[in-house]
Trainee: 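What follows is a single structure, and I will ask about it in a moment.
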Amino acid sequence: MISFWRTWDKKKSKENYLIDGVVIKVNERRLQETLGFTGKAPRYGIAFKFEAEQVTTVVEDIVFQIGRTGVVTPVAHLRPVLVAGSTVSRATLHNEDEIRRLDVRIGDTVVLQKAGDVIPDIVRVLTEMRTSKEKSFAWPKRVEGCGGDGSIERIPGQAAWRCVVSDSFAQTQRKFYYFVSKKAFDIEGMGPRVIDALLDAGLITNFDDIFTLKKGDLLNLPRFAEKSVDNLLESIEKSRDVSLNRFLVSLSVPQVGEETARDVAANFGTLEKVMKATLEDFISIYGVGEVVAQSLHAWFLEKENKQLVLRLQKQVKIEAVKKAAASSKLTGKTFVLTGTLVGMSRDEAKVKILANGGEVSGSVSSKTSYVVAGENPGSKIDEAERLGVPVLDEEAFLKLF
DNA sequence: GGGCCTCGAGTTCC
DNA sequence: CTCGAGGCCC
């Protein structure tokens, strides 16, 4: 079942509201639950919008941003222009390939829109407006701020380039921004400007320095008086209790964001176990493949990282993940899946079982508690009958929850 | 009261 | 990426 919604600009009055698109959602609860969510949004709805307003402006410069993982991102500085309700002066150019695709040059007149009515997006260059004073833009070999001699390298198999040196000031700065952000330690009132001031004053070098800041030091910072300092120290105190997944997120381990951190935390439960994990342990986690496993394993093997974690452990309290997140209904039960399930994928069935304390195995043995058979089951069903293991169809399986 | 800063909202692309 | 609200400094 599909139904239609209208959305409108909430800033406009109800009388002359502006329909800016249509949202189509699956409106059956059960199906919504089956579809679930991605890390960011429900999978059971999608918005269709009218074509975005397009304007033209001039690219005044192209500069580079360095992210916390050292990835270098080109950004166009634009002559400020009003589009879809706000003045836009910058737009990401994403990467080398996008610059090639657009063939954008400094001085070019470009067509700009806001994708989804929010994010500035350069659509194309108006080549007919060229005056031949524009210089074609060559992707650089070095980027200022990258550290060392500024060299950058393209990541094999990816569109991104990253700084060769990994401990540049710019990157450290970004790592700190991320460390204190909502996704990680969530230190209220500690935004980019405050981090910059702390770095400037030499008060923080490593993440754990945040937790040993003294009132006297903070009072010396520009625009920091009694009230600000007390508030900041209080937020830092509050942040000392942290879940394992947010702790993992805070470390800026390459390839590990919120979703992966959750998977890793749920799998190991405690930081000690994560630190002792082998490459195989990481790979065996649902949602973690070879690339991510490799990255995690290498990160925790690094001596400096280990020391950082040990120092952080002295400053914060990491809450272990409670076993069997949803329930322990299926504790001690081992399942084997065969055939195609109608309402969910096999992986989803596995997650459901694990979340309720059960285990999933690949082959039927006397230790198997249940075989779950979907459509066109394989030989596992015969094996189950031979061993006297109960076989559940999808309906019976769902009743367990 | 002006100015600086953080935060949340809305959302896309890679 | 920008805007507006709200807190704090000076």
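Below, read A as the first sequence line, B as the second, and so on, with proteins coming before strands; counting in each chain starts at 1.
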Trainee: Rounding to a whole Å, what distance do you find between A:Phe224:CZ and B:dG3:P?
Mentor: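 To the nearest whole Å, that distance equals 21 Å.
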
Trainee: Once you apply a heavy-atom cut-off of 4.0 Å, does A:Glu188 come out as touching a base, just sugar-phosphate, or nothing?
Mentor: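 Sugar-phosphate, backbone atoms only, no base.
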
Trainee: With a 4.0 Å cutoff (strictly under), does any side-chain N or O of A:Ser89 reach OP1 or OP2 of C:dT2?
Mentor: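 For A:Ser89, the contact criterion (side-chain N or O under 4.0 Å from OP1 or OP2 of C:dT2) is met.
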
Trainee: When you measure from the side chain of A:Ala115, which nucleotide among B:dT12, C:dC9, C:dC1 comes out closest?
Mentor: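 For the A:Ala115 side chain, the nearest candidate turns out to be B:dT12.
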
Trainee: From the list B:dC14, B:dT11, C:dC1, which nucleotide is the closest neighbour of the side chain of A:Val75?
Mentor: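 The nucleotide sitting nearest to the side chain is C:dC1.
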
Trainee: Could you tell me whether A:Lys114 and A:Glu53 make a salt bridge, using a distance below 4.0 angstrom between a side-chain N and a carboxylate O?
Mentor: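 So A:Lys114 does not pair with A:Glu53 through a salt bridge.
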
Trainee: List the steps, then state whether side-chain contact (heavy atoms from CB on, under 4.5 Å) holds for A:Arg130 with A:Asp108.
Mentor: CA-CA 6 Å; A:Arg130 285 214 170 125; A:Asp108 267 340; 2.7 Å; yes

Trainee: For residues 227-241 of chain A, which residues have at least one heavy atom under 4.0 Å from DNA chain C?
Mentor: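 Output list: A:Lys227, A:Ser228, A:Asn231.
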
Trainee: Would you say the ring centroid of A:Phe247 lies under 6.0 angstrom from that of A:Phe179?
Mentor: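 No, the ring of A:Phe247 stays outside the 6.0 Å limit from the ring of A:Phe179, centre to centre.
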
Trainee: Taking A:Lys306 first and then A:Glu302, would you say they form a salt bridge - that is, a charged N and a carboxylate O separated by under 4.0 Å?
Mentor: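 A:Glu302 and A:Lys306: not salt-bridged.
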
Trainee: Determine whether A:Lys273 and A:Asp281 satisfy the following criterion, salt bridge (charged side-chain N to carboxylate O under 4.0 Å, His left out), listing intermediate values before the conclusion.
Mentor: CA-CA 10 Å; A:Lys273 285 187 188 156; A:Asp281 292 336; over 6 Å; no

Trainee: Are any of A:Arg90's side-chain N or O atoms less than 4.0 Å away from OP1 or OP2 of C:dC1?
Mentor: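 So the side-chain polar atoms of A:Arg90 do come within 4.0 Å of the phosphate oxygens OP1 or OP2 of C:dC1, strictly under.
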
Trainee: Is any side-chain nitrogen or oxygen of A:Thr87 closer than 4.0 Å to OP1 or OP2 of C:dC3?
Mentor: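 Answer yes for this pair, as a side-chain N or O of A:Thr87 is under 4.0 Å from OP1 or OP2.
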
Trainee: Between atom NE2 in A:His94 and atom P in B:dC14, what is the gap in whole Å?
Mentor: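 So the NE2-P distance, A:His94 to B:dC14, works out to 6 Å.
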
Trainee: Starting at atom CZ of A:Arg162, determine the distance to atom C1' of B:dC14, rounded to an integer number of angstrom.
Mentor: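 After rounding, the gap between these two atoms is 14 Å.
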
Trainee: Using whole Å, what does the distance between atom P of nucleotide B:dT12 and atom CG of A:Asp121 come to?
Mentor: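 Distance, rounded to whole Å: 11 Å.
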
Trainee: Just checking, A:Arg105 and A:Phe137: is the charged tip under 6.0 Å from the six-membered ring centre and within 45° of the axis?
Mentor: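 Here A:Arg105 fails the 6.0 Å and 45° test against A:Phe137.
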
Trainee: Would you call A:Glu96-A:Arg154 a salt bridge at under 4.0 Å N-O?
Mentor: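 Yes, A:Glu96 and A:Arg154 are salt-bridged.
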
Trainee: Measure the distance from NZ on A:Lys183 to P on B:dC7 and round it to the nearest whole Å.
Mentor: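 My rounded result for the distance is 14 Å.
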
Trainee: Is the centre of the A:Phe185 ring less than 6.0 Å from the centre of the A:Phe211 ring?
Mentor: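 Yes, the ring centres sit under 6.0 Å apart.
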
Trainee: Please state whether the rings of A:Trp139 and A:Trp161 are parallel, tilted or perpendicular, taking 30° and 60° as the class boundaries.
Mentor: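 Aromatic pair A:Trp139/A:Trp161 classed tilted.
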
Trainee: Should A:Lys182 be listed as having a side-chain N or O under 4.0 Å from OP1 or OP2 of B:dG8?
Mentor: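 Yes.
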
Trainee: In chain order, what residues pass the side chain to side chain contact (heavy atoms under 4.5 Å, CB included) check against A:Thr205, with sequence neighbours excluded?
Mentor: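 Only A:Asp209 meet the side chain to side chain contact (heavy atoms under 4.5 Å, CB included) criterion with A:Thr205.
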
Trainee: Which is true for A:Val83 with a 4.0 Å heavy-atom rule: it touches a base, it touches only sugar-phosphate, or it touches nothing?
Mentor: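 Here A:Val83 touches no strand at all.
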
Trainee: When the distance from CD of A:Gln113 to C1' of B:dC13 is rounded to whole Å, what number comes out?
Mentor: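 Rounded to whole Å, this separation is 12 Å.
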
Trainee: Take atom OH of A:Tyr177 and atom P of B:dC7, then tell me their distance rounded to the nearest Å.
Mentor: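 So the two atoms are 13 Å apart, to the nearest Å.
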
Trainee: A:Asp117 has an atom CG; how far is it from atom P of B:dT12, in whole Å?
Mentor: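 After rounding, the gap between these two atoms is 9 Å.
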
Trainee: Near DNA chain B, counting only heavy atoms under 4.0 Å, which residues of residues 192-207 of chain A show up?
Mentor: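 Residues of residues 192-207 of chain A under 4.0 Å from DNA chain B: A:Pro192, A:Arg193, A:Val194.
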
